A.B. asks: 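Take a look at this one; I'll ask things after.
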Amino acid sequence: MMWHAVAGDVWQGRDDRCESPSALRLFQTIECLNAWQPEHADGKTVLLGFCSDEGVRRNQGRTGAAAAPPVLRRALANTAAHAAPRPLLDGGDFSYSGNDLEQGQNGFAAAVTEIHRHGGRTLVLGGGHETAFAHGKGLFDAFPHRRIRIINFDPHLDLRRADRATSGTPFAQLAALARAQGREFAYTCIGVSRAANTAALLDDAAALGVEMIWDTDVHWGNAAALTARLAQLCADSDLIYLTIDLDVLPAAQMPAVSAPAALGIPLELLLHLLRPIVQSGKTCAADVVEFNPQYDDAGNAARTAARLLWQLWQDWR
């Protein structure tokens, strides 16, 4: 497992301080680690990259998400730096040798655990959705006696059975880890597509007690009921792990992913639904995964993903 400090040319943007001292952008306020020092995480939101798409390759998807973290940082760099609940610390990127995804997941999980034990919270840039097992394992290990609710915005349940880890297995892996640790597996998936999940996957979800909210039920006419349900889930949990697969957005808004969505949840509605989660005071970790810059020639998808990440950071209480 290899840790990399962020290159100096990533956090750059327009300097408007000649207009006003408060005319700040994120690249001017973010703190970056030059060495792996998780003790600096206390009281901060720590941005981490997991440079992986081996899980996508194994799952027969479009590879390229391993290159996403620096691209997303560049898209974030020029966003406005309004006051946020916690300072943002860039903890750097993690990668691994060859195709040893399992070694990479275990190493990244250990880094996540360190950050949380030092009083930080984690905002992770994937990588494929194999990121979720690494991130979730790190949380399970950091909080062995806390009830952690996983909330996943995703057309896919990612509960596949496989002989090895893929981007389609992270929540099956976390379910198995929960059993091994003697803890509850609490998992809600929002935006699930019946067209994208086989009957076998739906049966496995039912057997695991997974709460599924169909993509056809996620619309503005149902928004009040959905936000009330999300608020209740947060209230009933000790901690929330929020994971967002960008293919939950419609393909027209987010074409640059491993598997674009035919229906999806529009960005404006997604941001509305995220608010009760990140403002609940229970969310200790979030990630945004599956961005694939190879399919984003004009950079519009990166800006969409950055807008989502920026809103998470701003709203997170």
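Along the sequence shown, residues are numbered consecutively beginning with 1. The shown structure was predicted, so the numbers you read here are calculated from the model rather than taken from an experiment.
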A.B. asks: Taking E130's backbone N and O only, do any of them form a donor-acceptor pair with Q105's side chain (distance below 3.5 Å, no angle check)?
C.D. replies: yes
A.B. asks: Can we say R57 and E54 salt-bridge, meaning some charged N sits less than 4.0 Å from an Asp/Glu carboxylate O?
C.D. replies: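 Yes, charged N to carboxylate O under 4.0 Å.
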A.B. asks: Below 4.0 angstrom, N of the basic side chain to O of the carboxylate: do E184 and R147 qualify?
C.D. replies: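 Here E184 pairs with R147 in a salt bridge, since their nearest N and O are under 4.0 Å apart.
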A.B. asks: Under 6.0 Å between the ring centres of W3 and F108?
C.D. replies: no
A.B. asks: Flag yes if more than 12 heavy atoms outside E39 fall under 6.0 Å of its CD atom; otherwise flag no.
C.D. replies: yes
A.B. asks: My understanding is that only one of L230, I244, D217 makes a side chain to side chain contact (heavy atoms under 4.5 Å, CB included) with I190; could you say which?
C.D. replies: L230
A.B. asks: For F171, which residues count as a ring pair (Phe, Tyr, Trp, His ring centres under 6.0 Å) partner, sequence neighbours excluded?
C.D. replies: H129, Y187
A.B. asks: When you check the side-chain N and O atoms of H116 and T122, is any donor under 3.5 Å from an acceptor?
C.D. replies: yes
A.B. asks: Who passes side chain to side chain contact (heavy atoms under 4.5 Å, CB included) against T45, sequence neighbours left out?
C.D. replies: R86, L88, R121, L123, W316
A.B. asks: Can a salt bridge be assigned to the pair D9 and R74 using a cut-off of 4.0 Å between side-chain N and carboxylate O?
C.D. replies: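 Salt bridge: yes.
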A.B. asks: Please assess T304 against Q253 for the test side-chain hydrogen bond (donor to acceptor under 3.5 Å, both in side chains), listing each intermediate value before the final yes or no.
C.D. replies: CA-CA 8 Å; T304 298; Q253 290 185 332; over 6 Å; no
A.B. asks: For D238, is there an ion pair with K282 - N to carboxylate O distance below 4.0 angstrom?
C.D. replies: no
A.B. asks: I'd like to know if the side chain of S237 and the backbone of L239 have a donor-acceptor N/O pair within less than 3.5 Å.
C.D. replies: no
A.B. asks: Has N292 got a side-chain atom pairing as donor or acceptor with T63's backbone, closer than 3.5 angstrom?
C.D. replies: yes
A.B. asks: So, N197 side chain and S193 main chain: donor-acceptor pair closer than 3.5 Å or not?
C.D. replies: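 The answer is yes, because a donor-acceptor pair under 3.5 Å joins these two groups.
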A.B. asks: Suppose we screen for salt bridge (Lys or Arg N to Asp or Glu O under 4.0 Å). Which residues come up paired with R149, at least two apart in sequence or across chains?
C.D. replies: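 Listed in chain order: nothing, the list is empty.
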A.B. asks: Any cation-pi pair here, R179 with F185, using under 6.0 Å and within 45°?
C.D. replies: no
A.B. asks: Looking at residues at least two apart in the chain, or sitting in another chain, which of them share a side chain to side chain contact (heavy atoms under 4.5 Å, CB included) with Q232?
C.D. replies: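 Q232: side chain to side chain contact (heavy atoms under 4.5 Å, CB included) contacts with R229, A235, D236.
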A.B. asks: Within a reach of under 6.0 Å around CZ of R160, are more than 12 heavy atoms found that belong to other residues, nucleotides or ligands?
C.D. replies: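 12 or below, so no.
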A.B. asks: Would D42 and K44 pass as an ion pair if we require N to O under 4.0 Å?
C.D. replies: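 No salt bridge links D42 with K44.
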A.B. asks: Examine distances only and state if a side-chain atom of R25 and a backbone atom of N78 form a donor-acceptor pair shorter than 3.5 Å.
C.D. replies: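 Present.
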A.B. asks: Within the distance-only criterion (no hydrogens, no angle test), does the side chain of D296 pair as donor or acceptor with the backbone N or O of A302 below 3.5 angstrom?
C.D. replies: yes
A.B. asks: Could you list the residues that satisfy ring pair (Phe, Tyr, Trp, His ring centres under 6.0 Å) with H118, not counting sequence neighbours?
C.D. replies: none
A.B. asks: Against D287, only a single residue in V112, V124, L48 fulfils side chain to side chain contact (heavy atoms under 4.5 Å, CB included); can you say which?
C.D. replies: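 Only one of V112, V124, L48 forms a side chain to side chain contact (heavy atoms under 4.5 Å, CB included) with D287, namely V124.
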A.B. asks: Parallel, tilted or perpendicular: which fits the ring planes of W36 and F94, with parallel below 30° and perpendicular above 60°?
C.D. replies: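 Judged by the thresholds at 30° and 60°, the geometry between W36 and F94 is perpendicular.
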A.B. asks: Is any side-chain N of the basic residue among D93 and R73 closer than 4.0 Å to the acidic one's carboxylate O?
C.D. replies: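 Yes, charged N to carboxylate O under 4.0 Å.
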A.B. asks: Does this structure show an ion pair linking D141 with K137, if we count only N-O contacts that are shorter than 4.0 Å?
C.D. replies: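 Counted as a salt bridge, because a side-chain N and a carboxylate O are separated by less than 4.0 Å.
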A.B. asks: When you measure from the side chain of H219 to the backbone of G221, do you find a donor-acceptor pair of N or O atoms at a distance under 3.5 Å?
C.D. replies: yes
A.B. asks: Strictly by ring pair (Phe, Tyr, Trp, His ring centres under 6.0 Å), give each pair with a member in residues 265-285 just once, sequence neighbours left out.
C.D. replies: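 Applying ring pair (Phe, Tyr, Trp, His ring centres under 6.0 Å) to every pair that reaches into residues 265-285, excluding sequence neighbours, yields W220-H272.
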